[in-house]
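Take a look at the structure set out below.
Counting convention: from 1, in listed order, for ligands and their atoms alike.
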Amino acid sequence: MAIIIDGKKIARDIRKEVKSKAVDLKTSSGIVPGLTVILVGNNPASEIYVQGKISDCEEVDFFSRTERLPGDTDESKIAEIIQTLNYDDSIHGILVQLPLPNHINPNKMIEMIDPRKDVDGLHPYNVGRLFTGCPYHRSCTPAGCIELLDRTGIEITGKEVVIVGRSNLVGKPLAMMLLSRNATVTLCHTKTKNLPEVTRRADILIAAAGKAELINGAMVKEGAVVIDVGMNRLADRKLVGDVVYAEVAEKASYITPVPGGVGPMTRAMLLVNTLNAAMGIPEFMT
Ligand code: GUN
């Protein structure tokens, strides 16, 4: 039976560390890390995520603000707000909550953000830095997965890692992060042929396809470490990951639960990125 990786506890530890560094920063330089979240429309899941991010900021003594905009706001209005925030010295992090309404191009909005304030790590500048092996802000969910492995003492070097899911938010950046940590990475997806054959190769299996219970027990090697990034709401309102938890927990050595695994880590890494942004610009960006 697998050992459960407690993302809630690990995220709490990270928040404590962030808070202590934020207190030091305020004492030494008077700077209070500031985050603005831009929320367009009223997607219920986004509302919950944003509330969580704001309450995290309060816990670690950051300044935070939510820019709430109606669902029919046009791109030029959002661009104007981002521009103002880019020049606002009290704001170190800007996050545009996704998904955006269909009439708004998310890539265009993300490119408007000053890369130094792109605490989501989604701006092409930050993605490019990750790909060239010199990262600045790293995308929060994949960075959270790595942190879970590191803080659980799971070795990454030399391991066969299989990631199911190729999104810009998780799969693609996570592949780069793991590659730079010397894993042998396979990036596959729901259209991969013989997916179970591929997933069974994994020493570390990461499910990030956004498809409820895609990964069953037969798709997992005995003793594998399984990280479930999925968050899927079933018709009966039950929240499940991309992994059939009960079956896979029988075979895995370690597993993350849903909720309480990767989710809290995404939020914790957002705080880490915002703190880094407030602490100053690395030399390579000046
Ligand atoms: N929506 C779901 N996850 C995320 C995330 O990590 N960042 C942003 N901006 N939106 C999201």
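Counting protein heavy atoms only, atom 9 (N) of ligand 1 is closest to D120 OD2, 2.5 Å. Nearest to atom 11 (C) of ligand 1 among the protein's heavy atoms is Q97 NE2, 3.5 Å.
Among residues two or more places apart in sequence or in another chain, the salt bridge (Lys or Arg N to Asp or Glu O under 4.0 Å) test is passed with R151 by E17, E147. A search for side chain to side chain contact (heavy atoms under 4.5 Å, CB included) contacts involving V244 returns E213, N216, E247, not counting sequence neighbours.
The closest donor-acceptor contact from the side chain of T274 to the backbone of G93 lies at 3.5 Å or more, if one exists at all.
Note: an N/O pair closer than 3.5 Å links V96 and ligand 1 by distance alone.
Ion pairing of E47 with R68 is present here, as a side-chain N (NZ or NE/NH1/NH2) and a carboxylate O approach within less than 4.0 Å. With respect to the salt-bridge test (charged N to carboxylate O, under 4.0 angstrom), the residues R267 and D56 qualify.
Distances from atom 3 (N) of ligand 1 to the heavy atoms of I94, L98, T266, L169 show the closest one on L169.
Listed by number with element, the atoms of ligand 1 under 4.0 Å from a non-hydrogen atom of L95 are 9 (N).
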